[in-house]
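Below is one structure, written out as structure tokens; comments come after it.
Model, not experiment: these values are computed from the prediction. Letters A, B, ... are given to chains in the order of the sequence lines, protein chains preceding strands, and every chain is numbered from 1.
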There are 4 protein chains.
Amino acid sequence: MKKSDKRHDILQTALELIAEQGFHGAPMAMIAERSGVAVGTIYRYFENKDVLINELYSELEGKIVEALRKGYSIKKPFRERFLHLGRALLRYFITFPLHFRFVEQYHNSPYGVSLRRDRLIGKVGDHTIFTELFAEGVAQQVLKDFPFIVLFALAFGPLVPLARDHILGFVVLDNSMISKTVEACWDCVKR
Amino acid sequence: MKKSDKRHDILQTALELIAEQGFHGAPMAMIAERSGVAVGTIYRYFENKDVLINELYSELEGKIVEALRKGYSIKKPFRERFLHLGRALLRYFITFPLHFRFVEQYHNSPYGVSLRRDRLIGKVGDHTIFTELFAEGVAQQVLKDFPFIVLFALAFGPLVPLARDHILGFVVLDNSMISKTVEACWDCVKR
Amino acid sequence: MKKSDKRHDILQTALELIAEQGFHGAPMAMIAERSGVAVGTIYRYFENKDVLINELYSELEGKIVEALRKGYSIKKPFRERFLHLGRALLRYFITFPLHFRFVEQYHNSPYGVSLRRDRLIGKVGDHTIFTELFAEGVAQQVLKDFPFIVLFALAFGPLVPLARDHILGFVVLDNSMISKTVEACWDCVKR
Amino acid sequence: MKKSDKRHDILQTALELIAEQGFHGAPMAMIAERSGVAVGTIYRYFENKDVLINELYSELEGKIVEALRKGYSIKKPFRERFLHLGRALLRYFITFPLHFRFVEQYHNSPYGVSLRRDRLIGKVGDHTIFTELFAEGVAQQVLKDFPFIVLFALAFGPLVPLARDHILGFVVLDNSMISKTVEACWDCVKR
DNA sequence: CATGAATGAGCTTTCATTCAT
DNA sequence: CATGAATGAAAGCTCATTCAT
């Protein structure tokens, strides 16, 4: 409980700094200072900066998956489940802009590429929720006949620029707009 | 042919390094070395690193716009024009993966955010080709009634992860697949 | 005794290098090396080179003021006080030639000019000891009726070249000579 | 006539830049540009930057001596001659502030020290005008019995800070003030 | 376990000087 | 004689990481 306090503070500070200033704007000394710990202390919890960042990413990913699962039920109709995931994802992004900004940066860095590579090769467990949904959709001929990875891009590709534009204030995504955009995404993949 | 040589070499090296290693992986010394010039020489062509990167972006953007305009005609039917732009963009990305990777990094950096902001405010000339198309589509009630920025995200949002996955070898986008995915994007925005 | 050690060493090295070689001859790397610390260490004690130099100047100025005040008493006759200050200043200069050379360089640099400007405007605390003395001298009609700044130049202007010539070995200022020259300065300002 | 044109332009530009910005603010490229010549051209007239600066100093020194000699006559009374020199020097300084600022910087740099050293050793010809005057003054027992170098400091030491303060706008030296201050200097050295 | 002073490789940028044209 | 593109050593400064306390 004590130890995880510091660990948590460090991760939180890193998240804020990287999300707001980019990787450049988050030197270890600054993370330490804003976390109220000494620089050396960070290295007790994380072997090095790369590990810190990767663990931060993992935690966020876990939270996102959790948010997606909330209220998700296999019993609901297919379209309903799709819309649920899309709305939940977009809502999560704009509710936790720091998470979104960090994850975006992460994907757009050497870290992200290795991660994706590892995922595809099967080193790291994929989020089965999407795979399952798309597999079912293709099998049931509800979805267009594309490889999963393409379906994923078609279905959720728009959500990233949408969230970004919302966070930057270029557009306002209220609940109604969120629903309508995700429904548009559905038009993209539905057969 | 004379002065352009070195300038071009420097830009090309910067493009390669940044596309492959990110901004961090492209120190001026390395750009110089791989370009076969001295460090100081770079500063004869570019005031500083920021200017170098911005000019590189401008050049690439120019090429992309050019590629989009090629074969684009206002006389063609609306859907045809939309599909043309989508296919041309996706094709450009996977034909020039370095350009794609660089532009992606650029957009995901402070540079990119300022640029987007300036674009929206109207400081910098937008790519009128998209604006015009979407304006017409909304006016003619061919497209769903969304703000331009949302339409843009819906229509071309999927292209970025698609191109990325293709470049990383996670999927193969041949001409047929390109057409089919862009047609799916059309389903997303068409009314 | 702990932290002051390194800080002091750095200041001392900077003093020596700048006094002997000028600002050009004192790169941070050299200051670090001769101080027996790493370059980065200097930046733990001084935000940047400007700050280092300004703090060095402040310290020296403090010592000079201290030397002037030593044995200075308002109760002594006016002329006595004037001679005391002149002799103390000249003695200080030739006793601490490095201090003298540094202060000279400092005054002859952008630093010095800003400082003088700030002093005149009143931003920074002046050496009240001189101002008081001259104010009294003018009020009592002991001194010629000149602006303070002119009186200061007349009274102490000769001390700088004198100290310089002594330090460079062009002349030897023993105690007797010091007294006689300062008395000559007195003839310059006394009514 | 042509060649000396460029040479003159280069020297003039160097004078302006160094006087206004210091040695730091006068890179060869800038001197070249403002002189309307190419960088390489400077090296046709001056072996390197040191030589350029030293020659510039020599030229200015020549002009100063010339200004001092103007109206100077051995036939005039001693005191008259002394006052003439002091006033002429001070007037020259405030009439040609760029010259003054440059000469000051020069003296306060490694250049200046070597020069003084060379002067004393006798390598470089001294300005006999002062030496003669002081020699006569001491011999005739009009001046206090000090070494020449000390007399020089006493007599003209105040002029430097006076000129500086005038140029920086801290005090205004009109003709009347010039005369009065130089007369005060006379009090300093006269027996 | 926690600290934070110390490290030094590495970054961007400047500028006196050279030399092919 | 004149040019100015090219050079590269050297400057100020940053920051991930270590280690004695």
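- Considering all non-hydrogen atoms of both residues, Ala26(B) and Leu17(B) come closest at CB-CB, 3.7 Å.
- Remark: DNA chain F takes part in the stems E:2-21 with F:2-21, each of 3 or more antiparallel Watson-Crick or G-U pairs, criterion distances under 3.5 Å.
- Under 3.5 Å, the side chains of Tyr111(D) and Asn54(D) contain no donor-acceptor pair of N or O atoms.
- Ion pairing between a basic and an acidic side chain is recognised when a charged N comes within 4.0 Å of a carboxylate O; Glu104(D) and Arg101(D) show such pairing.
- Counting only heavy atoms from C-beta outward, the side chains of Asn108(C) and Arg164(D) approach each other to under 4.5 Å.
- The separation between Lys6(D) atom NZ and dC1(F) atom C1' is 8 Å, rounded to whole Å.
- A straight line from OH of Tyr45(B) to C1' of dT7(F) spans 12 Å, rounded to a whole angstrom.
- Proximity note for Ala38(C) (side chain, C-beta onward) versus dA6(E), dT3(F), dT7(E): the nearest is dT7(E).
- Contact check of residues 12-35 of chain B against DNA chain F (heavy atom, cut-off under 4.0 Å) returns no residues at all.
- Taking the six-membered ring where the residue is Trp, Phe102(D) and Tyr57(D) present tilted rings, their angle falling between 30° and 60°.
- Shown here are the side chain to side chain donor-acceptor pair (under 3.5 Å) partners of Ser109(D), two or more places apart in sequence or in another chain: there are none.
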Could I get a table of every N or O pair under 3.5 Å where one atom is in the protein and the other is in nucleotides 18-20 of chain F?
none

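- Whole-Å rounding puts the Arg7(C) CZ to dA6(E) P distance at 13 Å.
- Side chains of Tyr45(D) and His8(D): no donor on one and acceptor on the other come within 3.5 Å.
- Across all non-hydrogen atoms, the minimal contact from Ala19(A) to Leu98(A) is CB-O, 3.4 Å.
- Rounded to whole Å, atom C1' of dT17(F) lies 16 Å from atom CZ of Phe46(A).
- Spacing between dT21(F) and dC1(E) at atom P, rounded to whole Å, works out to 23 Å.
- Ile42(B) and Val37(B) make their closest contact through CG1-CG2, 4.3 Å (heavy atoms, listed as atom of the first residue, atom of the second, distance).
- Among pairs with a residue in residues 12-22 of chain D, those fulfilling side chain to side chain donor-acceptor pair (under 3.5 Å) read Gln12(D)-Glu16(D), Thr13(D)-Ser35(D), at least two apart in sequence or across chains.
- Rounded to whole Å, the distance from CG on Leu52(C) to P on dA11(F) is 15 Å.
- Following rounding to the nearest Å, Ile10(D) (CD1) and dT3(F) (C1') show an atom-to-atom distance of 13 Å.
- A close approach under 4.0 Å does not occur between any side-chain nitrogen or oxygen of Lys49(C) and OP1 or OP2 of dC13(F).
- Taking the side-chain contact (heavy atoms from CB on, under 4.5 Å) definition, one finds that Leu11(D) meets it with Arg7(D), Phe46(D), Leu52(D), Leu56(D), Glu59(D), sequence neighbours left out.
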